[in-house]
Protein chains: 2
Amino acid sequence: MNDSPAPNLDRIFAALADSTRRAILLKLTDGDEGVMDLAAPFDMSQPAISRHIKVLETAGLVTRYRQGTHRLCRLAPDTLGQIEPWLDMIADRYRRKYNRLDAVLETMKPSQKGDN
Amino acid sequence: MNDSPAPNLDRIFAALADSTRRAILLKLTDGDEGVMDLAAPFDMSQPAISRHIKVLETAGLVTRYRQGTHRLCRLAPDTLGQIEPWLDMIADRYRRKYNRLDAVLETMKPSQKGDN
DNA sequence: ATCATTCATAACAATATTGTTATATAAGGA
DNA sequence: TCCTTATATAACAATATTGTTATGAATGAT
């Protein structure tokens with residue numbers, strides 16, 4: 001029914017796994033920009049940037065709208081927030097397992113266990 | 001000088017961009033596990049899991065140690081924390097730019113600007 | 001209408017990723 | 001030593017990613 005409703009973590013993380021795309025997101029925190037302006041700092045062709053932006057858009061990290069002859073890109077910050085619940089879950093579970101004093105010994109490598 | 005000191009964001013994000021690898025990390029929050037145990041829930045060959053683990057290890061998300069015939073995997077939680085500064089920077093800059101009341105109009109699309 | 005600018009898309013090559021099967025290696029036990 | 005279990009690695013195929021150049025389409029200006 002819904003074809004591309006929830007940009008999933010796979011796509012979000014994959015989109016972030018590229019320094020060019022992260023730099024684009026960073027630049028967009030200063031305000032919306034068109035493709036040519038975003039491409040300027042990079043030693044890369046315009047189509048390449050165009051596709052990087054499409055990756056960001058598909059991941060839901062960027063939205064676009066037309067302004068005259070330009071298609072401005074805008075950061076979609078909520079999508080970035082989608083990864084926090086996952087990070088928090090991992091961190092919470094880790095803390096619950098390991099950050100209890102009585103669990104410290106259990107977390108030590110067997111080789112260390114006897115080293116006292 | 002230091003050859004692989006800072007597993008960079010590229011590798012970390014890329015490692016996280018796969019549900020199998022995220023599931024492995026999640027499982028490791030319950031405690032260290034060997035490759036076979038980690039592989040069990042997945043409909044995937046042992047070598048495949050072995051390489052997923054290597055991706056996680058290369059990204060610095062997992063460390064390993066030998067226990068008898070097993071090589072146990074352990075979550076390296078600090079590495080996950082490395083992505084937070086980047087996320088925070090983006091979020092902070094975004095807020096600074098957009099979350100001021102007097103900037104709201106500026107952030108609206110031109111088409112919306114006149115809609116009042 | 002014509003032209004310049006902005007951007008997208010197609011076609012292609014190079015490389016990376018991911019999975020498989022077959023096989024090697026390493027440690028422990030009989 | 002020989003066997004078993006746990007894991008890594010090699011070789012390979014399928015697919016995905018990323019970049020390039022060439023070209024198409026949309027918009028605004030003259």
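When reading the values below, keep in mind they use all heavy atoms of this one structure, side chains included, and skip hydrogens, waters and symmetry mates. Here is how names work: the chains are called A, B, and so on, in the same order as the sequence lines, proteins then strands, and each is numbered from 1. Keep in mind the model is a prediction, meaning the values are calculated, not measured.
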Colleague: Return whichever of B:R21 or B:P47 has its heavy-atom-nearest nucleotide of DNA chain C closer to the 5' end.
Modeller: B:R21

Colleague: Tell me: CG of B:D18 to C1' of D:dT17, nearest whole Å?
Modeller: 15 Å

Colleague: If we ignore hydrogens and angles and just use 3.5 Å, is the side chain of A:R22 paired with the main-chain N or O of A:L16 as donor and acceptor?
Modeller: yes

Colleague: Please report, rounded to the nearest Å, how far the P atom of D:dT18 is from the CD1 atom of A:I49.
Modeller: 12 Å

Colleague: From the list C:dT18, D:dT18, D:dA8, which nucleotide is the closest neighbour of the side chain of B:R71?
Modeller: D:dA8

Colleague: For DNA chain D, which residues in residues 39-46 of chain A have a heavy atom at a distance below 4.0 Å?
Modeller: A:M44, A:S45

Colleague: Hey, which sits more toward the 5' end of DNA chain D by its nearest nucleotide, A:G68 or A:A14?
Modeller: A:A14

Colleague: Is the shortest side-chain N to carboxylate O distance from A:D30 to B:K97 below 4.0 Å?
Modeller: no

Colleague: Would you find a donor on one side and an acceptor on the other, under 3.5 Å apart, between the side chain of B:T79 and the backbone of B:G60?
Modeller: yes

Colleague: Could you tell me the separation between the CZ atom of B:R51 and the P atom of C:dA22, rounded to a whole number of Å?
Modeller: 16 Å

Colleague: Heavy atoms, side chains only, cut-off 4.5 Å: are A:L28 and A:R74 in contact?
Modeller: no

Colleague: Between B:R11 (CZ) and C:dT17 (C1'), how many Å, whole number?
Modeller: 15 Å

Colleague: Can you figure out which of C:dT18, D:dG19, C:dT6 approaches the side chain of A:A48 most closely?
Modeller: D:dG19

Colleague: Whether B:K54 contacts D:dT7 is assessed here as follows: a side-chain N or O lying under 4.0 Å from the phosphate OP1 or OP2. Is that the case?
Modeller: no

Colleague: Taking only side-chain N and O atoms of B:R64, does any of them lie within less than 4.0 angstrom of OP1 or OP2 on D:dA8?
Modeller: yes

Colleague: Please report the distance, rounded to the nearest Å, between NE2 in B:H70 and C1' in C:dT25.
Modeller: 16 Å

Colleague: Can you tell me how far P of C:dT5 sits from CG of A:L72, to the nearest Å?
Modeller: 18 Å

Colleague: Got B:L26 and B:T29 here, is their nearest side-chain heavy-atom distance under 4.5 Å?
Modeller: yes

Colleague: How many Å lie between CD on A:Q67 and C1' on D:dG28, as a whole number?
Modeller: 13 Å

Colleague: Side chain of B:R66 only, heavy atoms from C-beta on: which candidate in C:dA27, D:dT18, C:dC7 is closest?
Modeller: C:dA27

Colleague: Is the shortest side-chain heavy-atom distance between A:I24 and A:K27 below 4.5 Å?
Modeller: no

Colleague: CG of A:D10 versus C1' of D:dT17: gap in Å, rounded?
Modeller: 15 Å

Colleague: Between B:I53 and B:R64, is there a side-chain heavy-atom distance shorter than 4.5 Å?
Modeller: yes

